[in-house]
Each structure stands twice: as structure tokens, then as C-alpha cells.
Amino acid sequence: MAKAIDQDHEEEDENNDEEDSSLKQNKKKWRGSNKNRRKELSISCMLNTEVGAVLAVIRRFPDPSSQFMSSSSPEETYNSLLLNSLKSLRAVIFNPPQQWHMMDPLIYITPFLDVIQSDDIPAAATAVALSAVLKILKHEIFSEKTPGARDAINTIVMGITSCRLERTDQASEQSVLMRILQLLIGIMRNKTSYMLTDHAVCTLVNTCFQVVQQSAGIGDLLQYNARHTMHELIHIVFERLADIDAIVGPGESRGNDDDDDADYERSMNSGYGARCAIDIFHFLCSMLHVVEVVDIDGSTVTSSDENIQIFALILINSAIELFGEGIGKHPKLLKTIQDNLFYHLVSYGACSSPLVLSMICSTVLNIFQFFRRSIRLQMEAFFVFVLLRVANGGNLILSQEVALEGIVSFCRDTDFLIEMFVNYDCDPLCRNVFEDVGRLLCKKAFPTSNSPLSSIQRQAFEGLLITIHSIADSINEDNGNSDSIESYPIVISEYKPFWIAEKKNDENLQPWIESLRVRRAQKRKIAIAGDHFNRDEKKGLDYLKIASLNPNPPDAKTLAYFYRFTPGLDKNKIGDFLGDPDDFNLQVLKEFTDTFEFFGMILDNALRTYLEAFRLPGESQKIQRILEAFSERFYDQQATEIFVNKDAVFVLCYSLIMLNTDQHNPQVKKKMTEEEFIRNNRAINDGKDLPRENLSELFQSISNNAITIFGQSGSYLEMNNNRWVELINRSKSSEPYIICSFHRSLGRDMFASISGPTVATLCAIFEQACDDETLHECVEGLFSVAKIARFGLEDTLDELIASLCKFTLLLNPYATTEETLYAFSNDTKPRVATLTVFTIANNFGGTLRGGWRNIIDCLLKLKRLKLLPQSIVEPSLISSPSSDLLMKNKSSPTSGIHGGRYMAGLIGRFSQFLSLDNTDDSMAQMGSELEQNLKLIQRCQISNIFISSSMLTEDSLQTLGRALIFASGGRGHKFSTSVEEDETVSFCWELLTTITLSNIHRFSSIWPFFHEDFIVVAQYSTFSSCPFTEKAILCLVRICENILSTFRSEKSDEEYIFKSINLMWKLDKDVLDTCYEGIAPVVSKILTEYPANLQTQFGWKSILHLLSITGRHPETYDQCVETMIMLLSEGIHVTRINYGYCIEYAFGFAALKISPLEKSSKILDLMAETVNLIIQWYQNDLIDPENNVEDGLRTSGLFMKLAEYLRKTTLVRREEIRNHAILTIQRSFILADRLGFTPENCIHYFNHVIFATVDDLHEKLIEYSRRENAEKEVTSMVGTLKLSMEVLKEVFLHYLELLSQCTNFRTFWLGVLRRMNACMKVELRHECELILHGMVPMLLIEIITQMKEKEVLVQSEENDLWDFTCIQIQWMAPALAQQLFPDPF
């Protein structure tokens, strides 16, 4: 039950809710209906008011002073139909109530339009009627859904544009025109405005322009409003055009508005669209050609109306800014910009006022931003014929400023700079726009002497800085390219048609970039070929082949393009070549003619264009061939069907040439008339006449304007309609404008084209700068130049450094030290230049070449001024291990001292680190001049240049080293004192040592060049060997120590450094004795710690030579001799390679006068011990017989060297040393028994060592015996000779069996006996001779006895040695013979 009750209650509630909802809906409908009724009532009231206002003004009694005063009433005066229509409208406004939004708008609009169009209605009534229509539009009484809305809105336009006014006062007329302007805007802002036809919109805009024109003589306020209205109309029209696909009326199908042809065919009911926009744009372009007629001295002159031109440009700018890239959707609108608009801009740009030129520049800049891909050739023409020409002069100064400002505006766009270079400078068929712009800026910015920068100079300077900074910033940000400096030079190795461009591939840009650079190189070569061609035609054509610009055999099309597009060619030579009858010349003529596009040209204009490219030769047959080629080309491209065949064109062309000569040759007295010309050309068109009006037009054109050739130098021609038509025709077939981003290779090539003038201009401005701001801007520009130049522009950076060094005032050869120091201390400019020079050297030293010489000269001057510390490089900073340097080098870039990441942070604006005006660190507050200068030098970070030289490229490092070597050699310097010379040489060698040690990892790459420089320096007439070699030898030894401190697989480093050390020693033989104290410790250290790293004979020889020479001095003897003893004692590092040198210089120490006896004896013993090393090598050779050993390094030869130096030791003055040496010889020969001597070897060693020793001692003894007061020497020498004879006996007996096997033993034995005889019979006139006389027989007895025992000396018939010996002994000592040979026979 309860549930049922609840359900009933719920049903009741639902019913109540439905009733409430229905009630609410009814109330809402009633309210809406009520609102509509009130709106309709409001409209009715408004219409009633407006009708009443119009009637009231019409009925107003006329002004008694009016010329239209009439005695009749206004009702009778005006058209009764007009008044009746107003009254009829008033009658139906309230009775019955109207639904205005559903009524045909013409019902309530037509009466007002009738008033507006009436001729006899007062101006005040017209103004009220105009206001009424404006109110109707503002109240939006009708909409696009209202029946008849389309006709209504178009009728309003027709009515407004055909407004009629009675002659009235100026104020009334101004009021009416103001209302018209308001109504025009109201129409276009109404929601139904899209229903307007193209014609209606064009009429509306034209009406507004008429008001603009008419308002010029009425009032400024009206003119301002008229111009503003015109601007708003353009804005509305082009705003709709931007979204035209989205704006369609109800019931209309959405069409394809991109097709302008389809748009033109739309019906009147389709609303306005692209057609009216194109017509309006054409109209705006035509406004640029509005002229005014001026009466000057009784003659009329036409000139452009500047006000209209400016107004038109403002409107064009507005349309372009509003519509932007959307214009590209409408090809005909884009074509209007490409052709019509640009033609006017280029035509009037060069001769317009500064204000108009400024507007033209702004317009072109806007067009470029939106349509750059479609205006490639147009932009070239604008720069060539307008901006560059005006800025170069010949116009008002103000116009030059405007043109420069236009150029600078373009340069502010970084993309434009690179695109300008790519599209024009890299295209052989175009002008070098970027290069011309850059050179123009340099020319205009170049300062005049002793005067501040003018406005033009400062403007050009600004543009130049913008260009430089843009390239520098972009080239520094281009980190994605891994190309190295070595890839920059472009070599044209094969023929490629220079007029064909490679397509850009965004996925792989490198081939395209390389093709651009090749075309740029081709363009430069073509210019060179053109220069050769003008001097000698054959040489020019041959150069094309040499430069791979023309194949072999030559290509006709290549020559045609060369003649057609190379500026500055001799036009006489071109004409003669083209007219030649040779087959190849005829092919070139045809290809040359095919480069012209004559579409849309009339005959005389086409002929003018054709003949501007060359001078027509005088020979009739050549003229005929040329005109035949032209006629064929023109006939194929003629715009109309006037000519039946090409023969008709040819005949008429010939006639025009004759007419041109007749009309403009002063020698022709009787000129041809028009009738005669027409009569002469009858029936030439395949037997028919050409249209008379065409012939008449051609006659007038030639008569008034001769066909001429504009110069021979390729100078600029004036832009006229003919050339513009040709340009437009070319643009149809040429490549579109290339849009690209920056690339390092292209940036380098860009700047290379303007580098020379740029550096010269910046340096000139720097020199003339009178204020800090200009100075800082100039330094920033120079720094940006350095940033760019580091990518392969070494000459540019060298030129920059040379100029800056000049500004430091440190290189003035005529200034004294005091004058230089004063100027440097009291002028900001030299200090800024100094800081700039060393900052560039720190950051971009890798690109410097010849500039290093200037920097070194500045350093030397600073050194003389006492502004540098005694040593600018701390020794600890340059003694880092080579391994650390190698690690640094692995991460070093190839273009500068610092890495790329560091450069990105450091290089920006020079003002970031040139804080001359900083309050905390101002140079003006540093105290004394010396403190200021020292602070400046500290900020230059000079030491870092040399310490971090491992980051320099090899070429840069070589030139830096060369500059230091030449400076140390005195080249370019005059020293006032020897102290100054010594300091300079020492300073240069210190720096050379620093850079060498910093680059020890690539020593073999740089040192050969340094060595050659040493040789060159030594040949100078001013070369002084004393300080140079002294400093050099000490530094070279330090470098040598560093090289040998680590093992190197390459032996070249060792050879190079010792080669230089030996050179210095040869330049000054006494240099080692002068510098022994500095050399000896280093040499000892090398032989003690790094002997294993010496790998070459030359290295061992040189280092042991240094050890020997420096060890001759008492101060260094102990250290050197201990080093030699250690080397021989260990024996580990004595090898075949260095054995001979070790023995040679060990002998030197042993024979040295200052050498103590024990040291000499020790050395001789060690020398004898080395025989064991020779034995070891001999045994190794037996084990490995295939081991090829050089002849000089065989064991037999090594032993011979040891024996020879021991023999030499036997001749020293000290007896103890001599005797020890003789015993050492004996010991060596005994040890050498295991060397496998052959009999011949033994005899050879005896002859050259044992016999030579005895002979030398004997000779020495005889010499001493003949001296007076030499008893001591004779006694000493007798003892030595006695010892040597005993050694002879011992060695002879040791090798007796081996010696006896030799075929020459008899001769050898004779030698032994002769020496015994010489010693026994020596006459010394001294008692000690008895020693020898008694010794020899004993030796002979022992020798012969041993020979007998070993059966070497045997009495037999086959061997006569017995008899021979017996005879010799009998001759020597008969008593001894009886003892040894009791029965000789």
C-alpha cells in the first residue's frame, strides 16, 4: 500500500515537471518573439527617421544666396518619382508591421540610392542618404540568407560609385565624400560583402582612389581619410583572398580557387575572389606609373607623381604583408609581382627620389621574404640596376644613403647572404652580387684622411660589420661539418658544362656544395679567360681548354655560353667570330642565338636585344649569316602569325639594319621616308605585304631610337622594356631561387671574394678612428675576420696581422726606443692593436703564415722596451713529457690553438675581453705607465702562444719557427750593441726551443724545414756565428735530450737533431769549447740514462763527439770520462753500430793530456775487453750465416779499428800510457784468437798494427835522438820500443802456425827480420842503444827456436825459407847465425 502511494506521488511530480518545462519553453518562445518584434520595430523606427531626415533636407527652403534659388516649392523642384518613392517607403514602414530581415533589401534601399544618384538633389540630402545606407548596413537588416541580398549589396556599390552631386560649396562636397568613404568601408565589412562581384569590388576600390585624387585639392583631413579607407579596402580584399577557399556563400559549392583561370570563369553570382585581387594589384602597380605634366619654359615635361607612387607602394606593401605566401596559390597574381610590379620597381628605383627609393627597398624586401623562390632574376636585376648603381654614386647623397640602407637591410638577413652567394656568385650566368655588395660596402666605408666618418661611411661600415659578423657567427656555429682546411682548394680536373647546375639534395648536401664551389671556380676561370680573350682571341679560347672549361675538341654550346654570358668581352671579336663561315663557327652562332628568348617581343626590340650582345661586323656576308640565325630563332618564337616564314623575318631585319644606318648616319644627307620604307618592303612575306601599321611602327621606332651597342667593357646597361621581357623569358626556364642554410665551405668562399677590400677598409677605419665606440667596433670586425680566415684564408690573416702590427707602433724603424715607448704608453690605439694581435695569435695561430714574422718583430721590440719578462716561458711548462703532448695533440683541432668547444665560448665580441673602460681594471687607473704596459702584456698571454703551439698546423708551425730562426740570425734587424744582439738571439732560441718541445711528437715533420732555415740564415751577409751558434747549440742539446728521453721507432728525429748540432759546430769550430759546461751534463745524462734510445750511427758519433770535446776541459773531464768508462764497462749499449765511435772517442780520453794515468789505463783495459764483444758478434754470425752485415760492421773490421786506435795510443807523450797501450795491443791480439783469423787476416793485422807500431816508435826514437837535450825522451822511447818488439815476438809466436800457412809468409818473415835489424843497428848516440842491441838477438833466438820446434823453419830442398833466414841472420848478426845455424848449408 505504501509503495503504491509513493508511486502515485512520483507520477504526479513527473507530470508537474512536464507542465513546468512546457511552460518555460512557451515563455522562452514568447520572449524571443517579443525580442524580434522589438528589433523589427527598432528597424522600422530607424528607417522612418532616415526617410524623414532625407525629406526634411530636401524640403528645406534653399539659401537665398544660392545660385539655385527658385520661386517654386521644393516639392515641385525635384523629381516627383524620387519623392514618391521615399513617401511610399515611409507609408509601409509601420502599416502593417514588417519583417525586414525577410524582405528584399532593394525595397527599402532603392529610395536612398535614388537620392544618392540624383543630379539635382542638394549635397546635404545626398550626405543624409549616404548615412542612411550606412546605418542599414551597420544594423545588418539583411544577411546572406535574406532573399535578394546579393543583388542588394551589389546595387549599393553601383549606386555609391555613381553618386551625383550638384555644384556646391567645398565643405558640403567634403562632407559627402567623407560619407562615401565611410560607406565603402561599411560595405566591405558587412557580412554579405563576399557576395560582391569582382567587378563591384574593383569599382569600389577605383571609387575610393578617385576620392583620394579628388581630396588633394579639398582638405588634408579628407585626404587622410581617403587614403586610410583605401588602405582598409586593400586589407579587406586581400584578407579574404588569403582564406578564399573557406569563404563561400550558402548553397555554393566549394571550388578550387588556386586555379585563377577557373576563378575568372566564375559567374557573377559567385562573389569576388582572385580576379578582383589581381585586377586591384594591377591597378596598384599602374599607380606607380602615374605622371604629372609640368610646364617648363613653355614646354611640357612629364614626371612621376611621387605622392601617388608612395601611396601605391604603401598599399602594395600592405597587401604583401597581409597575404604573404598565399599569393603563390594564385599564379597570375604571382606573375603580376614577378613581371609588372618588379618592372616598375626596377625602372623607377634608379631615378626616383630618396623617399620613393626607400619605399621601393622596403617593398622588395617584403617580396623577397615571401616569394624568394620565384624572383631569382628579378632580385639580381634590382641589385644590379637599382641598389648597386644608386649606391655607387651619380645620384643625390641622400639617395646613396637610402640605397645603402636598403642593402644593409638585406644583409641583416643571414640566410640572404648565403643565398645571394649561392644563387648569383656561384652561377656563371649571373653577376657576382654578393661580391659587388661587399666591395661596395668597403668602398663606401673607406674613410678619408683626418676626418670623422660621414653618415654614408658609417652606414656602409655598419653593413660591412653585419656581413662579417654574420659569416663569422655562422661559420663558427657550423660544427656539423667535418671538412678540413685541406678540402677548401677547388681544382677543376674535368670538363663540366658551367651553365648546368646540380640539383640540390637535402639528404646529402655535400655533393651539391662541392658542385657550387666548382661552378664558383669555373666562374673565376671564365673571367680570366675573358681577359685573355680581349687581348688575344686564340689565347682566351686556349685557356678555356687548359682550365677544363671547354672539352677537346671544343664544344659549340660552351663557346656560345661563354660569348653570351661573360661580362666585359670585346664585342667586336665576338661579332667577327660569329660571322665566320667555318662550320664550327656556324654551330656556335646557332647555339649563341638559342640562348635568347624572344617570346612576347616585337621584331625591332628583339633585334636590339640580340645586337646588344655583340657588335655587328661590317662585312655583308657575316651580317647575312648572323641575321639568318636571328631570323630563324625569332620566327620560331614569334608571338603572332604575322610572318609566314623566316625569310620574311630575315628580309625585314636586313631592311631595319639599313634603315638604322640611313636614319642615324650623319653622312647620309637624304633620309628615307616612311612611305619609302613601306614601299621597299612590299611582298616580302611570301609574296604578300606585311601589315602597314606594323611597318609604320617599326619605322618610327628605328627613327626615334637607333640600334646601338653600349660600349665594349661590359658596363651596366639601362633597364628597358626589351631587356625586361628577355629577363622574364629567361626566368621561365632558369632554376628557381635556391633556399639554403649556411655551410662552412661556402662561408669561406664568400668571404674570400671580399677579404682584401674588407681588411683594408677595417684597418683604415681603425687607423682613423677617433672614438672608442668606432675603435671597438672595428676591432670586433677584425676579430670576426680572423674567425673566418682560420678556414683556409692564410693570406688574409697574414695581411690582417701585418696591418695591426703597424698600428702597434712597435715596428717603426725611424722611431727611437724612447719615442716608441712614449707613444705606446700614451695612446690607446697601439695598446688595443697589440692586444688584438696577440689575441688573434692565441686563438687563430694555426692559420698564420707570414704574419708570424710581424708578431716576432713586435715581441723583439717589446723585449727591447723592457716590457717582457726575462723569460716569457717558464721552463717547467715546456718540459712536459712527450706522452702528455701526444695526448694533447690527439684532441687538437687543425685550425687554431684552442679547441672548437673553447673557441665557441671565447669568440664572440672582442668587447667581452677588451675591458678598457672597466671601472675595476681600467688602464687609466693602473698607476704608472710601466704598470699599465706590463698589465697589458700580461693580458696578451704571449707565453700561451708558444706553450700551446702543439695546436698549430704544421705549416703555421714551420713559418713560426722560420720567423724565430731568421730573427735570431739577424735578418731585418740592426743591433746597436753586442749585448742587444746576444739578448735577441737568446730570446729567439728560447722560443724556438719552447715550440719544438711542445711539438716533439711531430718533430720529424717540422725540423727538416728548420734545418734548411739554419742553412739559409748562415748565408746572410749580416750573419754573426758567435751568438747564434752558442745559443743554438745549447738549445739543440736540450731538444736532443727530450727526443732521446723516450724510445722512438722512427730514427729520423735523432738524425735531424744531430744534423743540426753538427751544422752549428761546423759554423763555429770553437762553439763546443765555449759552451762545454752546458753541454757536458746533458750529454752525460743521455749516455747514462737513455743510451738505448740512440739508434743511428750518426747519433752515436755525434753524441760521443760532444762528449769527447766537452771532456777536454778540466771542469767537465771527470763527468765525461766517467760516462765513457761506464759505457765501456757495461758494454750493453756498445753495438756494431757504435763500436767504432766508442773506441775512437775512448782513445781520445785515454790520450788526453789531463787524463790521470789510472783513468787512461782503465780506458785502455776496457778497450781491450771489447774484444770479447767482437768475439760474441763473430759467433753470432757463425750461428746465423744469413745475417747480412755491412762491410764496415764485420768483426774483422771492428777489430781492426780497435787495434788502430790502440796503435795511435802508443805514440802519446806519456811513457806509461804508451807502454800500457802496447800491452793492450798484445792482450787484444791474444783475445782475438777466437775470431777465426785467416792467414791473410793475420798478416794484414801485423802489417797495419804491430809492424806499424814498431815502425812509428822507431821513427819517433830516431827523431828524439836527433834533438838536443832529449835524453829523457830517448830513454823513454827506447823502453817503449823494446816493449813493442817483445809484443811483436809474443804475438808472432802466438799466431806462428797460422801465419806460416800464408803464401806470403816468406815476405812477412822478411819484414820481421828487417824490423829486428833496424832496432839492433839503431844509432842513438846514447847509452840506451845498447839495450836494443842486446834485446834483439835474444828475441831472434827465441823466435827461430820456436819456428824450428814447430817445424816452420826446416832445412829442405823444397823450402828455401831456411836458407833465406840463415842469410839474413848472417847479415844481421854473424855471431848469432853461427849459434842458430851451425851448419847452414
Side-chain angles (χ1 to χ4, degrees), residues 533-534 536-541 544 550 553-566 569-596 598 601 603-638 643-668 672 676-677 679-687 690 695 698-699 702 706-712:
F533 178 85
N534 289 340
D536 188 323
E537 178 182 349
K538 184 177 183 303
K539 289 183 178 179
L541 300 182
L544 288 176
N550 196 12
D555 177 60
K557 193 169 186 178
T558 299
L559 283 184
Y561 274 84
F562 172 71
Y563 289 141
R564 176 75 168 89
F565 295 103
T566 304
L569 290 184
D570 189 326
K571 296 183 179 181
N572 287 321
K573 293 182 178 180
I574 298 175
D576 291 337
F577 184 92
L578 296 177
D580 196 270
D582 186 75
D583 291 340
F584 179 73
N585 293 58
L586 293 176
Q587 293 178 20
V588 175
L589 174 61
K590 183 181 184 309
E591 295 290 349
F592 177 83
T593 308
D594 288 346
T595 62
F596 290 86
F598 297 131
M601 288 189 182
L603 181 60
D604 72 311
N605 289 340
L607 189 60
R608 293 175 193 275
T609 302
Y610 186 64
L611 295 180
E612 282 175 357
F614 61 94
R615 184 176 292 277
L616 198 64
E619 187 179 342
S620 61
Q621 293 180 346
K622 291 186 176 182
I623 295 175
Q624 178 180 348
R625 283 187 284 270
I626 292 174
L627 292 182
E628 284 177 351
F630 167 79
S631 302
E632 182 177 356
R633 180 67 171 174
F634 182 82
Y635 175 75
D636 293 338
Q637 296 182 339
Q638 64 174 325
F643 298 99
V644 176
N645 51 41
K646 63 181 182 180
D647 293 335
V649 180
F650 170 76
V651 173
L652 186 55
C653 286
Y654 222 114
S655 180
L656 291 177
I657 295 297
M658 296 176 63
L659 174 64
N660 184 74
T661 303
D662 176 87
Q663 295 293 312
H664 300 286
N665 191 335
Q667 296 180 357
V668 179
M672 185 186 301
E676 291 173 340
F677 175 74
R679 184 171 60 251
N680 291 340
N681 289 284
R682 287 178 180 173
I684 65 174
N685 196 19
D686 196 20
L690 290 170
L695 294 176
L698 290 174
F699 178 86
I702 299 299
I707 300 176
T708 57
I709 302 296
F710 293 87
Q712 297 295 318

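Note that the coordinates shown come from a computational prediction; the quantities given were computed from them, not determined experimentally.
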Self-check item: Distance-only donor-acceptor check, side chains Glu628 and Gln624, under 3.5 Å
Solution: yes

Quiz item: What's the shortest heavy-atom distance between Tyr654 and Ser620, and which atoms?
Solution: OH-O, 3.7 Å

Self-check item: Considering all heavy atoms, the nearest Leu627-Ser631 contact
Solution: O-OG, 2.7 Å

Self-check item: Closest contact, heavy atoms only, Asn685 versus Val644
Solution: OD1-N, 2.8 Å

Quiz item: Is the centre of the Tyr610 ring less than 6.0 Å from the centre of the Phe630 ring?
Solution: yes

Self-check item: Minimal non-hydrogen separation, Met601 against Thr609, with atom names
Solution: CE-OG1, 3.9 Å

Quiz item: Taking the side chain as C-beta and beyond, is there a heavy-atom pair between Leu607 and Ile707 under 4.5 Å?
Solution: yes

Exercise. Could you check whether the rings of Phe562 and Phe533 sit parallel, tilted or perpendicular, using 30° and 60° as the cut-offs?
Key: perpendicular

Quiz item: So, for Met672 and Leu659, which heavy atoms are closest and what is the spacing to 0.1 Å?
Solution: SD-CD1, 4.0 Å

Self-check item: Expected output: side-chain Lys571 to main-chain Leu611 donor-acceptor under 3.5 Å
Solution: no

Exercise. Compute the centroid of each ring, for Phe614 and then for Tyr563, and state whether the two points are separated by less than 6.0 Å.
Key: no

Quiz item: Would you call Leu603 and Phe643 a side-chain contact if the rule is heavy atoms closer than 4.5 Å?
Solution: yes

Self-check item: Pairwise distance CG(Asn550) to CG(Leu559) - rounded to 0.5 angstrom
Solution: 5.0 Å

Quiz item: Which residues pass the ring-ring contact (aromatic ring centres under 6.0 Å, His included) test with Tyr561, sequence neighbours left out?
Solution: Trp499, Phe565

Quiz item: Taking the side chain as C-beta and beyond, is there a heavy-atom pair between Val649 and Arg633 under 4.5 Å?
Solution: no

Exercise. For the residue pair Asp582 and Phe577, establish whether any side-chain heavy-atom pair is separated by less than 4.5 Å.
Key: no

Self-check item: Face-on cation placement of Arg564 at Phe596 ring, 6.0 Å and 45° thresholds
Solution: yes

Self-check item: Least distance between heavy atoms, Leu586 atom then Asp580 atom
Solution: CD2-O, 3.9 Å

